[in-house]
Amino acid sequence: MKFKITLLPGDGIGPEVVGEAVRVLETIASNYKHSFVFQERLMGGCSIDKYGSSLTDETLADCVASDSVLLGAVGGPKWDDPKAKDRPERGLLALRKGLGVFANLRPVKVHPALIDGSPLKPEKLQGVDILVIRELTGGLYFGFPKGRDVKDGRERAVDTLEYYDYEIKRIMKLAFDLAKGRKKKVTSVDKANVLESSRLWRQIATQMGKENPDIELEHVLVDTAAMKLITGPAWMDVVVTENMFGDILTDEASVLAGSMGMLPSASLGESTVGLYEPIHGSAPDIAGKGIANPVGTILSSAMMLRHSFKLEAEAAAIEKAVDETITAGARTADLGGKLTTRQMADEIIERL
Ligand code: IPM
Ligand code: MG
């Protein structure tokens with residue numbers, strides 16, 4: 001089968017890790033007789049430098065017209081001026097909105113061989129296998145009003161946490177659907193003791209729970225969820241939450257996996273065009289050194305094969321190769337090893 005993939009390597013270590021994921025995908029293409037056609041575009045800080053915009057209309061149109069998008073990372077100190085008109089992160093948010101990818105899947109698994117690398121006690125990490133589903137195109141990131149003004153002689157800043165019922169329903173439906181193929185448990189995370197938007201969130205989750213009696217539903221307040229992620233993560237399966245809670249909880253959850261560099265993500269909407277990216281950032285401190293961990297991006301490309309292209313065997317082959325590579329002791333610097341980005345990818349490709 002033939003697929004067109006838009007690559008948005010972005011900034012910092014983005015180009016390094018995307019380059020290795022492309023090599024993995026090319027190996028899959030040749031092993032399984034597919035054809036992946038890659039087109040590379042600028043997004044983020046690099047796009048600001050070249051075009052004066054973090055995401056141009058043309059680039060967004062090219063992404064929409066392709067079968068899927070693989071992204072590295074965006075941002076860096078160069079574009080951090082709080083007064084700047086555009087920021088790399090704005091491009092990423094506009095891309096998510098423009099592609100309509102409202103559901104961000106962030107699986108967090110702990111490889112047995114990496115348990116010692118986590119700051120948590122090993123017994124807490126046994127059997128951790130969580131799928132966080134983060135709502136991605138609503139909430140504080142996108143609500144209006146938003147901005148700065150002067151009110152009563154005082155400088156004021158406003159962000160709005162807004163959710164419509166349909167936005168909550170569609171992400172809840174996905175959570176329940178995905179829970180059916182897992183441990184049949186959904187943990188809905190909100191702040192219903194304080195926030196109106198969370199009370200609507202909980203109301204819809206409860207309704208969905210009644211419609212899906214085979215799934216165990218529990219509601220957990222976000223502060224408690226943050227604590228339980230550290231004190232008893234194995235108790236969670238599918239976790240569904242709004243945009244910013246999901247942003248924060250998934251960084252926290254990444255600690256369980258030993259390194260942020262390990263974790264992939266898939267952002268999905270109504271269409272099959274998905275956005276796939278590692279959950280780590282652009283890591284400016286190690287950019288250009290060739291030592292970043294490519295696993296998060298490589299596993300993201302596996303998610304692309306599974307969710308957008310329906311190539312389950314190919315996706316599973318990549319995941320198995322990564323698993324075996326870690327078991328064999330291959331480690332980049334973030335995991336306490338010495339392998340370069342390229343060498344780590346070579347180890348994975350050898351096992352495909
Ligand atoms: C993430 C990142 C982004 C987010 C930033 C870069 C805008 O932290 O993907 O988790 O907050 O969504
Ligand atoms: Mg984040």
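A quick note: this is a predicted structure, and the numbers were derived from the prediction, not measured. Just so it is clear, the values below take in all heavy atoms, side chains as well, and ignore hydrogens, waters and symmetry mates. Counting convention: from 1, in listed order, for ligands and their atoms alike.
Cluster membership for Y163 and V186, using ILVMFWY side-chain heavy atoms within less than 4.5 angstrom, is shared. Both L174 and V239 belong to a common hydrophobic cluster when Ile, Leu, Val, Met, Phe, Trp and Tyr are linked at side-chain heavy-atom distances under 4.5 angstrom. Tracing side-chain contacts under 4.5 Å through hydrophobic residues (I, L, V, M, F, W, Y), one never reaches V22 starting from M43; they form parts of separate clusters. Hydrophobic clustering (side-chain heavy atoms under 4.5 Å, transitive across Ile, Leu, Val, Met, Phe, Trp, Tyr) keeps V69 apart from I13.
Side-chain contact check for H219 and T206: at least one donor-acceptor pair (N or O, by modelled atom type) lies under 3.5 Å. With no hydrogens or angles considered, no side-chain donor-acceptor pair links W79 and D86 at under 3.5 Å.
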For ligand 1, what N or O to protein N or O distances fall under 3.5 Å?
| residue | atom | partner | partner atom | Å |
| --- | --- | --- | --- | --- |
| ligand 1 | 8 (O) | D247 | OD1 | 3.3 |
| ligand 1 | 9 (O) | R96 | NH2 | 2.7 |
| ligand 1 | 9 (O) | R106 | NH2 | 2.9 |
| ligand 1 | 10 (O) | R106 | NH1 | 3.3 |
| ligand 1 | 10 (O) | R106 | NH2 | 3.0 |
| ligand 1 | 10 (O) | R134 | NH1 | 3.3 |
| ligand 1 | 10 (O) | D247 | OD1 | 2.9 |
| ligand 1 | 11 (O) | Y141 | OH | 2.6 |
| ligand 1 | 12 (O) | R96 | NH1 | 2.7 |
| ligand 1 | 12 (O) | R134 | NH1 | 3.2 |
| ligand 1 | 12 (O) | R134 | NH2 | 2.8 |

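We find the CG-OG1 distance between D190 and T241 to be 7.5 Å, quoted to the nearest 0.5 Å. For the atom pair OH (Y51) and OG1 (T59), the distance works out to 6.0 Å, reported to the nearest 0.5 Å.
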Please step through side-chain hydrogen bond (donor to acceptor under 3.5 Å, both in side chains) for the pair S54 and R90, ending with a clear verdict. CA-CA 7 Å; S54 52; R90 189 205 61 86; 3.0 Å; yes
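For the Mg ion (ligand 2), the count of nearby protein N, O or S atoms, meaning those under 2.8 Å away, is 1.
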